[in-house]
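Take a look at the structure set out below.
All values reported here derive from a predicted model rather than from experimental measurement.
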Amino acid sequence: MLRDALLIAGKDLRLELRSRVALNQVLPFALLVLVLFAFALDPDRGLLARATPGLYWVAVLFSALLALQRSLSVESADGNRDALRLSGLDPAGIFLGKVLAVATQLAVLEVLLGVGVAVLYTTRITGWVLLAVTCVVATASIAAAGTLFGVVAAGLRVRETLLPLLLLPVLAPVLIGATRAFEAALAGSPSEGWPWVGLMGVFASLYIVAGVFGFGPLLEES
Amino acid sequence: MLRDALLIAGKDLRLELRSRVALNQVLPFALLVLVLFAFALDPDRGLLARATPGLYWVAVLFSALLALQRSLSVESADGNRDALRLSGLDPAGIFLGKVLAVATQLAVLEVLLGVGVAVLYTTRITGWVLLAVTCVVATASIAAAGTLFGVVAAGLRVRETLLPLLLLPVLAPVLIGATRAFEAALAGSPSEGWPWVGLMGVFASLYIVAGVFGFGPLLEES
Amino acid sequence: MRPSVPVPPTEAVIRLRGVVALLGRFPALAGIDLEVAPRRIVLLRGANGAGKTTLLRTLAGLIAVAEGQATVLGVDLVADRRAVRHRVGLLGHATGLYDDLTVGDNVRFWARAAGAEADDAEQALVRLGLAGRLRSVAVSRLSAGQRRRTSLACLIARRPELWLLDEPHAGLDQDGRDLVDTILREATAAGATVLLSSHELDRSLQLADEVVTIAGGVVVADTGMSAP
Amino acid sequence: MRPSVPVPPTEAVIRLRGVVALLGRFPALAGIDLEVAPRRIVLLRGANGAGKTTLLRTLAGLIAVAEGQATVLGVDLVADRRAVRHRVGLLGHATGLYDDLTVGDNVRFWARAAGAEADDAEQALVRLGLAGRLRSVAVSRLSAGQRRRTSLACLIARRPELWLLDEPHAGLDQDGRDLVDTILREATAAGATVLLSSHELDRSLQLADEVVTIAGGVVVADTGMSAP
Amino acid sequence: MTTEAHRQDIDSTGSNGTRVLGIAALIAMAALALFGLVLSPADANQGEVVRILYVHVPSATVAYIGCFLTTIGSAVYLWRRSRWWELVAYASAEIATVFTSIVLVTGMIWGRPTWGVYWVWDARLTSTAMLLLLLLGYLAVRRLPADHEVRTRRAAIVGLLLVPNVIIVRQSVQWWRTLHQKPTLLANGVGAKIEGLMLFSLFVGFIAIGLVFAWLLIHRFRLAWLEDQLDEAGLDVAIAERRAEGAAS
Ligand code: HEM
Ligand SMILES: Nc1ncnc2c1ncn2[C@@H]1O[C@H](COP(=O)(O)OP(=O)(O)OP(=O)(O)O)[C@@H](O)[C@H]1O
Ligand SMILES: Nc1ncnc2c1ncn2[C@@H]1O[C@H](COP(=O)(O)OP(=O)(O)OP(=O)(O)O)[C@@H](O)[C@H]1O
Ligand SMILES: [Mg+2]
Ligand SMILES: [Mg+2]
């Protein structure tokens with residue numbers, strides 16, 4: 001299973017290296033979302049400052065949607081899904097591999113986006129540990145839930161529209177949790193943030209377990 | 001040209017009738033975006049109320065992205081782009097037809113989303129004329145710019161990610177204009193809103209003209 | 001090959017001189033010389049990657065001519081390659097159909113787009129055996145060969161002056177193959193010209209009046225306009 | 001047909017009894033009976049839409065058996081159709097390649113996924129003439145036939161026990177076609193079994209030991225296990 | 001219960017059992033109207049609008065039940081491939097969607113006079129909205145334009161995650177300040193006392209809505225089941241037609 005996961009993750013990251021989609025397109029998009037929000041909320045700077053953690057995570061979420069769509073569209077082209085089913089790779093391995101690749105890309109994105117926020121919105125950053133742990137846990141949740149529901153949507157002509165529909169309500173708790181944790185960290189009271197991290201941990205575990213077991217049946221039906 | 005436009009629009013709307021993508025998926029997604037924003041901005045209700053017009057248009061924009069992606073993915077499957085180029089249809093006609101189909105779908109979406117916002121965010125609605133005209137002009141701008149840039153992105157493997165990237169900065173002025181016009185309408189001072197509508201009108205015309213002339217060369221590059 | 005018909009002394013339908021075409025930076029056509037007289041059926045043969053598809057797409061005005069001279073149906077491709085498009089009919093490897101529309105919808109749409117009558121679409125459907133159950137099946141449900149047939153129906157409905165066919169027999173069953181041959185012979189009889197690529201030599205050599213072999217993006221053998 | 005080899009009295013590799021398979025609600029297979037002995041090359045023929053692709057995909061364990069009994073390589077498809085998948089090799093109409101990876105990357109990835117060595121991948125590349133310039137070309141740049149070749153290379157590298165080939169000659173040039181035939185003969189010599197669909201009868205009838213004709217989702221003619 | 005048994009005994013969506021159930025539901029609804037609208041007193045604080053309570057709260061309860069059934073049905077379907085449970089999941093999801101919508105609508109109608117707004121971003125309200133969206137997502141997948149097996153399998157995965165998700169959404173918002181009524185039935189808070197005829201009317205509401213739920217669910221399930229059977233009956237015809245196609249050529 002682990003071997004299969006690494007094989008798949010390696011393949012996905014190599015695809016990214018060769019096509020540079022995440023680097024050239026998702027990242028600028030994320031920055032763009034930040035700028036757009038700044039526009040939409042502009043007149044009131046105080047408002048912007050207070051809303052920063054929420055906007056950061058909304059931006060991450062929308063970018064994650066793009067990264068996930070890319071990760072899945074790669075598998076649904078021209079019979080690749082069948083090829084995967086025939087390959088004898090462990091479905092759980094495929095799932096973990098894809099989660100790993102997406103999470104890696106998201107992690108890079110989050111760091112860069114964080115720098116972007118700090119600069120654009122002039123936010124003072126405190127509570128590093130909490131921030132880092134929140135990022136890790138939230139990223140795992142997003143990647144796991146995203147890959148799972150991505151496969152629900154994949155292979156259908158309506159994939160591009162169905163994925164957001166399924167994913168956004170599911171990721172809402174992650175959005176809230178990560179936002180609250182960030183707020184706590186930035187407000188200098190990390191102890192209020194940790195329960196949220198725990199909650200997201202539960203969520204991430206739920207989706208990883210669901211993925212490990214559910215990915216097989218999902219991959220099944222073309 | 002008009003005949004071609006109607007032919008294309010008819011085909012796109014028939015596709016929607018047969019596959020129901022916009023109805024079943026884009027609309028719920030739009031509502032979802034509204035709910036999500038409310039989450040991200042929650043703790044402070046005053047903030048939400050003040051940001052309503054901006055959020056409405058951000059939601060419209062994201063949903064428009066989905067509708068546009070669908071409208072374009074339909075053309076980029078399996079050689080359809082070549083077929084269009086070979087068909088002898090007037091490129092300007094194709095452009096106008098696709099704009100028409102997207103605008104029709106967006107118009108329906110905006111009305112429903114408007115009802116959603118009015119209820120969810122408990123907004124009192126005034127200045128109907130300004131609101132309606134803003135919607136018409138903004139929709140035309142979004143559909144025109146979206147279709148134009150959509151063709152730039154279409155046919156590339158990274159279309160799903162590239163379109164938002166290209167489109168969002170271009171539509172930022174529309175976003176601002178529509179938001180300010182809505183704010184003016186809701187604040188009961190429509191006279192402040194009309195200049196913005198004029199601005200968007202200029203913008204819409206610009207993109208329609210650009211599309212009518214530029215669509216041919218764009219369609220050219222495979 | 002068919003017993004040759006005397007070639008009428010008309011202007012060539014296709015005339016290429018040293019044509020180079022680029023895919024990205026790769027010169028898939030590296031200097032093609034070709035001349036095709038009206039009402040002929042010309043077979044294009046060559047190994048995989050020789051440049052057959054690229055040549056057909058260039059002739060249809062889809063790929064720019066990077067170097068050389070090219071005239072198709074009297075239109076100079078270097079000056080304006082769009083002008084030729086609505087007069088040729090290209091059957092490519094891809095089918096150009098809308099997956100979510102039915103067979104009937106697709107054929108009607110593409111026929112109307114090319115300015116043909118609804119009647120032509122109907123006849124094409126009947127001709128290719130798509131007028132029954134299949135008419136109202138979504139294209140995404142079709143078998144590979146049925147998809148090809150639908151694509152062919154769209155082509156027939158538009159009655160092109162120059163037919164450019166990329167492996168027209170591929171995927172079709174025996175009846176379908178015979179039907180294609182009949183249709184092409186009819187088309188030339190009615191004044192059209194046909195250029196087809198194929199790897200199925202037995203059948204294609206029977207069909208063609210003339211054979212052009214390409215390799216590495218250049219013509220390496222040509223039975224010529226006057227050859228029997 | 002090839003001069004027949006005496007059939008060894010072993011268990012059948014494929015045994016179908018009244019197999020029904022649905023695509024959506026459409027019974028693309030409407031009661032197939034079929035028996036294939038080991039080390040045979042069986043040709044599947046039939047009109048467009050007859051159900052050849054559906055049959056091959058069902059045998060590969062990709063489509064559920066809705067009614068009837070089906071055993072492939074000793075695995076009961078009704079009970080667990082996943083168990084057979086890694087032992088068969090399917091070449092479908094689609095190629096299953098990653099557009100943005102190179103030919104080499106693709107073949108290596110699918111070979112490793114099937115548990116083959118890097119060496120097998122290398123040999124397959126060489127065998128199909130992809131070891132030169134093409135090795136480092138992205139799959140999206142390939143010609144139709146080169147794409148098919150890459151897909152074949154992936155298949156060869158995994159050395160399946162049962163080869164299920166959907167129009168394996170389609171798109172390949174003359175050399176490619178001959179190569180496919182050679183590879184299939186070698187595979188049966190090494191103990192594998194081959195089932196291929198084809199519309200190219202001349203070539204396929206030469207290759208096959210046995211011919212099965214299907215129409216409307218049922219077998220209408222079968223030269224049988226014992227036929228010459 | 002086995003698939004076979006059900007195949008035989010269902011031939012219409014009604015049966016003696018459901019007719020009795022239907023009549024009982026009707027009577028209960030009439031009783032609810034009587035108690036809810038006439039006999040029970042208006043609330044001291046809220047006045048007449050409090051009567052919405054008798055529909056609002058029971059609807060929420062049956063919506064929860066529907067969701068649980070969907071998750072359980074999905075799980076059993078994935079585990080045992082039981083078509084029966086799959087249809088239970090599907091039917092319950094649809095009915096749960098209806099009742100969740102009723103909760104939202106009645107809640108909003110109620111909110112306007114009591115809170116002055118139709119909607120607030122309060123924990124319970126938001127989580128109810130999420131629940132509705134998740135149900136819509138489930139139904140969207142179940143009704144995809146794709147093969148039957150594909151739709152059911154994928155919908156089942158979504159259905160499986162329905163209840164856990166709702167619980168998490170609930171958890172995640174429970175620390176938010178809440179405008180919505182705190183649990184009152186079991187608590188003894190000031191001004192939140194509910195007693196006498198009001199309590200009894202609510203009780204009638206539970207019974208009436210519960211019966212309606214059961215009646216709707218059974219009928220929806222049987223409808224789905226019949227559709228399913230029709231598919232299978234149609235299969236023989238389709239197979240014959242398909243074979244004829246071959247014979248013709
Ligand atoms: C859109 C607005 C509303 C929504 C979505 C909503 C949703 C719900 C839900 C889901 C429940 C069931 C809770 C549970 O059992 O866990 C519930 C119960 C209840 N609701 Fe609402 N509600 C809304 C508005 C209101 C309003 C305006 C009132 C009255 C002021 C109200 C009063 C109650 C009461 C008294 C209960 C029973 C509480 C208990 O005993 O647990 N609701 N509501
Ligand atoms: N960007 C690129 N880099 C390198 N080679 C390229 C690139 N784009 C195209 N090619 C090559 O150009 C050639 C295109 O050939 P073309 O598709 O015309 O072949 P064909 O004769 O139709 O072959 P087939 O019989 O396989 O269909 C191929 O050899 C392909 O590998
Ligand atoms: N949802 C559906 N509704 C109606 N017909 C369908 C549906 N799905 C598939 N079909 C039909 O099922 C058949 C599938 O046949 P299949 O793809 O197995 O044919 P094939 O023998 O491989 O044909 P070809 O030679 O063209 O590749 C086709 O006739 C197709 O039209
Ligand atoms: Mg080619
Ligand atoms: Mg087939």
At a 4.5 Å cut-off on heavy atoms, which part of C:Arg148 comes close to chain D: side chain, backbone, both, or neither? neither
Interatomic distance, C:Asn48 atom CG to D:Arg147 atom CZ [nearest 0.5 angstrom]: 13.5 Å
Looking at C:Arg87, I want to see if its CZ is surrounded by more than 12 non-hydrogen atoms of other residues, nucleotides or ligands under 6.0 Å. yes
Can you pull the salt bridge (Lys or Arg N to Asp or Glu O under 4.0 Å) pairs that have at least one residue in residues 193-208 of chain C, sequence neighbours excluded? C:Arg177-C:Glu200, C:Asp178-C:Arg203, C:Asp181-C:Arg203
Among residues 164-174 of chain D, those lying within the under-4.5 Å heavy-atom range of chain C are D:Glu167, D:Gly171, D:Leu172, D:Asp173, D:Gln174
Would you say C:Glu67 has more than 12 foreign heavy atoms packed within less than 6.0 Å of its CD? no
Atom of D:Gln146, atom of C:Gly49 and distance for their closest heavy-atom approach: NE2-CA, 3.5 Å
Taking C:Ser143, C:Gly176, C:Ala28, C:Gly51 one by one, which has the highest count of heavy-atom pairs under 4.5 Å against chain D? C:Ser143
Contacts with chain D made by residues 124-134 of chain C (heavy-atom distance under 4.5 Å), listed by residue number: C:Arg133
Could you give all pairs that pass the salt bridge (Lys or Arg N to Asp or Glu O under 4.0 Å) test and reach residues 15-29 of chain D, with sequence neighbours left out? D:Glu11-D:Arg15, D:Arg15-D:Glu35, D:Arg17-D:Glu35, D:Arg25-E:Asp231
